[in-house]
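Reviewing the structure listed below.
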Amino acid sequence: MRGVLTGDRYVWQKKRLNRTFSALKENKLAAVGLIIISVLVLMAVFAPLITLRDPYEQNLEIRLTGSNEKYLMGTDQFGRCLFSRLIYGIRISLTTGVISAVLTMGIGVFTGLLAGYFGGIMDELIMRITDIVLSFPSIVLTLVIAGVLGPDLKNIIIALAAVGWTKYARVVRGSVLSIKEQEYVESAKALGASDIYLLCRHILPNCMGPVIVIMTLSIGGAILSIAGLSFLGLGAQPPTPEWGMMLNQGVPFMRRAPHLTIFPGLAIMITVLAFNFLGDGLRDIMDPRLKSKLFQKF
Amino acid sequence: MLRYLLRRILMLVPILLGVTLITFSTMHLAPGDPAELILRGRLGGADPPRQAVEELREEMGLNIPFYVQYGKWLKKVIQGDLGNSFRTGRPVLTELLSRFPATLELALLSTLISLGIAVPVGIISAVKRNSFLDIFSMIGALLGVSMPNFWLALLLMMFFSLKLGLLPVAGYGGFRYLVLPAVTLGTGMAAMVARLMRSSMLEIISQDYILTAKAKGLPYYRVITGHALKNALIPVVTYVGLQLGWALEGAVIVESIFARPGIGRYLHESVFARDFPAIQGCVLFFALVFVFSNLIVDISYAYLNPRIRYEKGME
């Protein structure tokens, strides 16, 4: 019985995965997003090969020079190579963005499962907290939590997770409520499956669709928030080559060295845009009900 | 109607309590002693003596358990007292009120700008679906959503203030000082509203009553402005409430960049100084504005859309 189910599921999941990939090929914007992200990942991994200079190496004699043949994007206020710093910055933005999105998703899925499966007081408590957090501008709460914990990239990730888990919890809870009434769950239960087995084997895999869509869409947002909070001085600290902080440090030299303002911002935007393209595309493909119909003809 | 209203207002109480309790407990459970920080500031960065820190903690009421502190704070809030700022010693309420106009005018103008851009763009995109204009403006909208507003602020500042010298770089004063911050926030919000306006319009114009209106021989622009627009605007109206919330969120960054003495910048400064009463006051203020603007939207929504009014038994 179990073997048959598993086999069916396997085929079905593989079909769905194939369908997702072929749909991704059709959806050009999503494909563009995926390509940009792949390029960014490659650049991050091979950063030492792409850049000629150490992103931390200072040279005060050539500070604030514009783009020239030696320095592709010029130098910053300490004479560091801006191009190297931007490339190494990809590592920071991608890892913090993904870690923050995954952590947030993990907490949200866990609490959502608890609330939906066990119900009762746990459900009430989790859902009331969710209501409160979701009915409030999130950046204010994030700012307060991150600020109080102290300026550090790690603290921003914690703050983002502390506020962001709620949107997953609500979605997952809803899915669990409907899935746990399904016949296959009932029959597995009748066969004596434990709660943990039911949750991990039957319920969790079936509520991951929307979760993955929300997560992809939220990576862009997470990167944007981390850069914004770093810009406000709450995240990465000098001399880390973090884009938001680099932008902030460039402000006093805006007149003399506008490249310090232009390039880091461009880097943030391209990265966030790529994730938004991909997320939008995935949403259209995996969840037709949410289909925005925005880019049908693309 | 009165009952509906009353119920909605009662529902706001737990939200306000919850949000303030969350901030309060974070502040008090987090590492770092505000008393020590203040003394350090007074001593110019030197380590303050243990004795002095203890005395100041006692004076600031930091030694009692945090739930007692929260209870005391709540009791005072109900009496209209938000406590005194750790930094300046002035009442937080006075500080908030003096900064409110700067934030309010920013939020209002940016919302106006966003609607002014987004509504026409959304309508045209929907009506001329898949035309060059549609594709162009929707790519613009995606760009707008992905653009960091702090970067946009700096670019605008660089171009209009430093290069062209048309507008002041930063500061607070007349309308001239308001333009760049409001445009920064407004265009960002416009991106989201335009997408919403477009999809809502698309849904409406595919409905039967639009076909009827067209079949009657009405000119197309009259069908759109007379029949479709009103219904298509409904979701957008609900959005305006959320938008005000975003404007407030954005105010934290934009006010800091443009050095506007608003509540967003006050929050930013207070967070850095660990000025607990001020942070708490700002959070309460943001929460109040946010929930009440949503309440107003909900009510107007019910008026705009009779289907909801009847469902909720408001008549």
Side-chain angles (χ1 to χ4, degrees), chain A residues 29 128-129 131-133 135-151 155 159 162-163 220-221 223-224 227-229 231-234 243-244 247-248 250-251 254-255 258 261-262 264-266 268-277 280 292-298, chain B residues 12 14-19 21-23 26-27 29-32 129-130 135 138-139 141-143 145-152 154-155 157-158 162-163 169 195 198-199 202-203 242 245-246 248-250 252-253 256-257 264 267-268 270-272 274 276 279 282-283 286-287 290-291 294:
Chain A
L29 273 184
R128 288 301 80 78
I129 297 176
D131 285 344
I132 291 167
V133 176
S135 58
F136 190 69
S138 60
I139 200 129
V140 173
L141 221 48
T142 317
L143 180 84
V144 170
I145 297 174
V148 169
L149 290 177
N155 290 338
V163 176
I223 291 173
L224 209 53
L229 290 166
F231 178 83
L232 288 176
L234 287 166
W243 294 337
L247 259 178
N248 184 9
V251 171
M254 222 155 69
R255 207 183 281 268
T261 305
I262 293 171
L266 204 59
I268 299 172
M269 191 171 91
I270 291 171
T271 312
V272 175
L273 196 63
F275 278 105
N276 283 348
F277 278 169
D280 258 17
S292 58
K293 294 178 186 160
L294 264 184
F295 296 100
Q296 268 190 344
K297 244 201 150 174
F298 271 84
Chain B
L12 300 182
I15 290 176
L16 291 175
L17 280 178
V19 169
L21 187 62
I22 290 172
T23 16
T26 333
M27 287 192 299
L29 299 175
R129 188 174 172 195
N130 294 328
I135 292 165
M138 285 305 115
I139 288 186
L142 255 182
L143 279 175
V145 175
S146 312
M147 191 167 200
N149 55 7
F150 45 95
W151 187 48
L152 179 62
L154 295 176
L155 291 183
M157 202 191 256
M158 229 153 68
L162 294 181
K163 196 155 179 132
V169 176
R195 292 176 67 161
R198 177 180 183 273
S199 59
L202 275 179
E203 208 178 305
L242 290 172
W246 285 330
L248 290 175
E249 277 188 50
V252 178
I253 282 182
S256 297
I257 294 176
L267 174 65
H268 183 205
S270 306
V271 163
F272 266 98
R274 287 178 180 272
F276 288 176
I279 298 176
C282 289
V283 169
F286 278 123
F290 198 66
V291 290
N294 272 324

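Convention: sequence-line order gives letters A, B, ...; per-chain numbering from 1. Quick caveat: nothing in here was measured; it's all calculated off a predicted structure.
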- Query: Are side-chain heavy atoms of B:F150 and A:L232 found at a separation under 4.5 Å?
  - Reply: no

- Query: Between atom OG1 of A:T261 and atom CE of B:M157, what is the distance when rounded to the nearest 0.5 Å?
  - Reply: 9.5 Å

- Task: Give me the one residue out of A:D280, A:N276, A:L273 that meets side chain to side chain contact (heavy atoms under 4.5 Å, CB included) with B:V145.
- Result: A:N276

- Query: Measuring heavy-atom distances to chain A, does B:F290 have an atom under 4.5 Å in its side chain, in its backbone, in both, or in neither?
  - Reply: side chain

- Max heavy-atom pairs within cutoff under 4.5 Å with chain B, candidates A:D131, A:L266, A:I270, goes to A:L266

- Message: What part of B:L152 gets within 4.5 angstrom of chain A, counting heavy atoms only: side chain, backbone, both, or neither?
- Response: neither

- Task: Tell me, out of A:I262, A:I129, A:V251, A:L149, who's got the most heavy-atom pairs with chain B below 4.5 Å.
- Result: A:I262

- With a 4.5 Å limit on heavy-atom distance, are the side chains of A:L141 and B:T23 in contact? yes

- Message: Using heavy-atom distances under 4.5 Å, tell me whether B:L16 contacts chain A through its side chain, its backbone, both, or neither.
- Response: neither

- Message: At a 4.5 Å cut-off on heavy atoms, which part of A:F275 comes close to chain B: side chain, backbone, both, or neither?
- Response: neither

- Task: Mark yes or no for whether B:W151, through its side chain, and A:G244, through its backbone, hold a donor-acceptor pair below 3.5 Å.
- Result: no

- Query: Testing B:L155, B:L162, B:V169 for side chain to side chain contact (heavy atoms under 4.5 Å, CB included) with A:M254, which one passes?
  - Reply: B:L162

- Item | Portion of B:I279 that has a non-hydrogen atom of chain A nearer than 4.5 angstrom | side chain

- Most heavy-atom pairs under 4.5 Å with chain B, out of A:N248, A:I223, A:L143, belong to A:L143

- Query: If every non-hydrogen atom of A:V148 is compared with every non-hydrogen atom of B:T26, which pair is closest and at what distance?
  - Reply: CG1-O, 3.7 Å

- Message: Could you check whether atom CZ of A:R128 has more than 12 heavy atoms from other residues, nucleotides or ligands sitting under 6.0 Å from it?
- Response: yes

- Query: When heavy-atom pairs shorter than 4.5 Å are enumerated against chain A, which of B:S146, B:P14, B:P148 gives the highest number?
  - Reply: B:S146

- Query: So which of A:G147, A:A162, A:G265, A:A146 has the biggest tally of heavy-atom pairs under 4.5 Å with chain B?
  - Reply: A:G265

- Query: Under 4.5 Å between any side-chain heavy atoms of B:L21 and A:I132, yes or no?
  - Reply: no

- Query: With only heavy atoms counted, which part of A:L229 is less than 4.5 Å from chain B, the side chain, the backbone, both or neither?
  - Reply: neither

- Message: Quick check: do A:F231 and B:L154 have side-chain heavy atoms less than 4.5 Å from each other?
- Response: yes

- Message: So which residue, B:I22, B:L143, B:V291, ends up with the most heavy-atom pairs under 4.5 Å with chain A?
- Response: B:L143

